[in-house]
Amino acid sequence: MSDREEEMQKEDTNDSEITTSAGPINEDLDAVIEPKLFENPPPVRNYPVYWWRIIAKFSSFGLFGLGSVLISVIAFPIMKLLFPNPKRFRKAGHHFISVMFRFFVGFMTVIGCSYLTTPDKEKFRSLKSCVVVANHPSILDVVMLISLIPNADCIVNAYLSEKNILHIIVRQLYIPTSLSHEEIMAKCAESLHDGSCIIIFPEGTRSLPGGQHPYKKGAARIALNSDCPIVPVYMGGNDKRGLRKHDPWLTYNTRKMYHYAAYMKEEISPKPYKDLPEPAAAKRITQKIHEVLCDEANMEYIELYKK
């Protein structure tokens with residue numbers, strides 16, 4: 001076996017997942033954060049405000065559902081008439097959804113559910129033909145990112161493209177995971193070359209409370225296939241209790257309104273890795289993404305509870 005074949009075989013080991021952040025972030029971070037913060041949050045200080053925020057959260061999701069229905073049955077048919085060309089329709093649709101999500105984020109801010117901040121607003125607005133990767137602490141991360149990126153495309157869970165009213169939007173504008181690997185790669189490359197940005201969460205699901213899941217290599221493979229750069233975005237802010245995976249819906253951050261803080265990190269180019277075998281290149285790019293987005297590297301962006 002040649003040296004090149006041996007390298008390919010070694011790099012292809014455990015090809016489906018990579019990185020080490022699963023479980024508690026690390027002992028140093030646990031020492032900085034209040035003891036057992038994620039399992040035992042601080043007590044509620046003001047129950048009327050706490051319950052109002054829970055009501056605001058349910059109201060926000062109610063508006064989201066109503067908006068999805070109205071967009072599907074009213075806005076999209078009109079847009080189909082205005083933009084009969086499929087590519088022009090998708091581009092207009094991406095911008096329209098971004099504007100609607102911006103309105104939705106503003107609504108949540110007004111009623112006291114959550115708010116979004118970023119020092120990189122203009123950078124997000126000017127992004128083009130790149131793979132946007134982000135950590136995934138809550139269910140609303142994609143909404144926040146699309147509200148910031150007017151030309152955002154994304155790969156969406158097959159459930160949302162088949163099971164409910166959202167499938168009307170998803171199947172016309174975005175890329176469902178129900179497609180074959182080859183179809184997903186081809187659609188991503190086409191979307192990127194048309195100027196859109198593909199949003200991907202490398203963990204594949206919402207993060208663990210107090211840590212992250214292993215990162216998968218899909219974003220790296222898309223970047224290598226399309227020759228487009230990767231833009232990491234760290235989603236910081238405070239604890240998203242009540243929006244994390246497996247959290248009871250009747251819970252909320254015990255102290256504060258949900259705060260989303262989006263920080264754009266340094267771009268990662270796939271070009272330095274192009275001479276490597278594809279499995280090795282994807283693995284090394286994914287390691288680089290993890291180094292940039294892991295919680296340990298973003299301590300300054302993690303807002304801790306204050307007593």
Side-chain angles (χ1 to χ4, degrees), residues 64 67-68 71-72 75-76 78-106 116-136 140-157 160-161 166-177 179 183-202 218-235 260 262-270 289 293:
F64 188 92
S68 299
I71 290 171
S72 300
F76 270 21
I78 294 173
M79 291 176 64
K80 282 282 190 182
L81 293 175
L82 295 174
F83 305 100
N85 180 278
K87 283 192 176 183
R88 290 189 63 194
F89 170 77
R90 290 188 77 238
K91 183 171 291 188
H94 289 160
H95 282 263
F96 179 73
I97 294 298
S98 179
V99 171
M100 290 297 97
F101 279 4
R102 219 174 300 156
F103 169 79
F104 179 65
V105 171
L116 170 66
T117 62
T118 178
D120 304 305
K121 185 176 180 179
E122 294 307 316
K123 290 182 181 179
F124 279 112
R125 296 286 171 82
S126 63
L127 286 177
K128 185 178 180 180
S129 298
C130 62
V131 181
V132 178
V133 295
N135 58 314
H136 198 8
L140 290 177
D141 301 323
V142 69
V143 172
M144 299 298 171
L145 286 174
I146 291 178
S147 75
L148 291 170
I149 305 172
N151 57 342
D153 199 350
C154 58
I155 300 174
V156 182
N157 189 293
L160 296 178
S161 64
L166 289 177
H167 84 276
I168 298 175
I169 298 174
V170 170
R171 295 190 73 84
Q172 295 187 69
L173 293 185
Y174 302 112
I175 304 168
T177 56
L179 300 176
E183 288 176 307
I184 290 175
M185 296 296 287
K187 285 185 175 293
C188 285
E190 180 184 6
S191 184
L192 288 164
H193 292 152
D194 286 340
S196 297
C197 299
I198 303 288
I199 296 175
I200 297 178
F201 299 104
R221 291 193 170 108
I222 291 169
L224 287 165
N225 182 61
S226 62
D227 290 321
C228 290
I230 294 171
V231 176
V233 177
Y234 186 77
M235 297 299 292
Y260 286 83
Y263 301 96
M264 190 183 296
K265 311 303 288 288
E266 186 175 350
E267 182 181 284
I268 300 171
S269 173
I289 294 171
L293 290 183

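In what follows, residues are counted from 1 in the order of the sequence shown. Atoms considered below: every heavy atom in the structure, side chains included; atoms not considered: hydrogens, waters and symmetry mates.
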So do the side chains of [X] and [Y] get within less than 4.5 Å of each other, counting heavy atoms only?
| X | Y | answer |
| --- | --- | --- |
| Leu127 | Leu148 | no |
| Ile222 | Met185 | yes |
| Asn151 | Cys197 | yes |

Over all atoms of both residues, closest heavy-atom pair of [X] and [Y]:
| X | Y | answer |
| --- | --- | --- |
| Leu145 | Met235 | CD2-SD, 4.0 Å |
| Ala219 | Ile289 | CB-CD1, 4.4 Å |
| Ser226 | Leu192 | OG-CD1, 3.3 Å |
| Ala262 | Pro119 | O-CD, 3.5 Å |
| Phe201 | Val142 | CZ-N, 3.8 Å |
| Ser72 | Phe76 | O-CB, 3.9 Å |

Pairwise distance [atom1]([X]) to [atom2]([Y]) - rounded to 0.5 angstrom:
| X | Y | atom1 | atom2 | answer |
| --- | --- | --- | --- | --- |
| Leu140 | Ser147 | CG | OG | 10.5 Å |
| Ile268 | Cys130 | CD1 | SG | 11.5 Å |
| Lys187 | Ile155 | NZ | CD1 | 11.5 Å |
| Leu116 | Phe101 | CG | CZ | 13.0 Å |
| Leu173 | Met79 | CG | CE | 7.0 Å |
| Ile146 | Arg102 | CD1 | CZ | 11.5 Å |

List the residues meeting side chain to side chain donor-acceptor pair (under 3.5 Å) with [X], not counting sequence neighbours, and say none if there are none.
| X | answer |
| --- | --- |
| Ser269 | none |
| Tyr260 | Ser138 |
| Asp227 | Lys274 |
| Tyr234 | Asp295 |

By the side-chain hydrogen bond (donor to acceptor under 3.5 Å, both in side chains) test, which pairs, at least two apart or in different chains, include something from residues 78-87? Lys80-Gln172

Crowded around Arg88 CZ? As in, over 12 foreign heavy atoms under 6.0 Å? no

So for atom NZ, which belongs to Lys91, do other residues, nucleotides or ligands contribute more than 12 heavy atoms lying within a distance under 6.0 Å? no

Pair Ile175-Ile198, side chain to side chain contact (heavy atoms under 4.5 Å, CB included): steps then yes or no: CA-CA 10 Å; Ile175 304 168; Ile198 303 288; 4.2 Å; yes

Side chain of [X], backbone of [Y]: donor and acceptor closer than 3.5 Å?
| X | Y | value |
| --- | --- | --- |
| Ser129 | His193 | no |
| Asn225 | Ala189 | no |
| Ser191 | Ser196 | no |

Who are the salt bridge (charged side-chain N to carboxylate O under 4.0 Å, His left out) partners of Arg90, not counting sequence neighbours? Asp153

Looking at Ile200, Ile199, Ile230, which one forms a side-chain contact (heavy atoms from CB on, under 4.5 Å) with Val132? Ile199

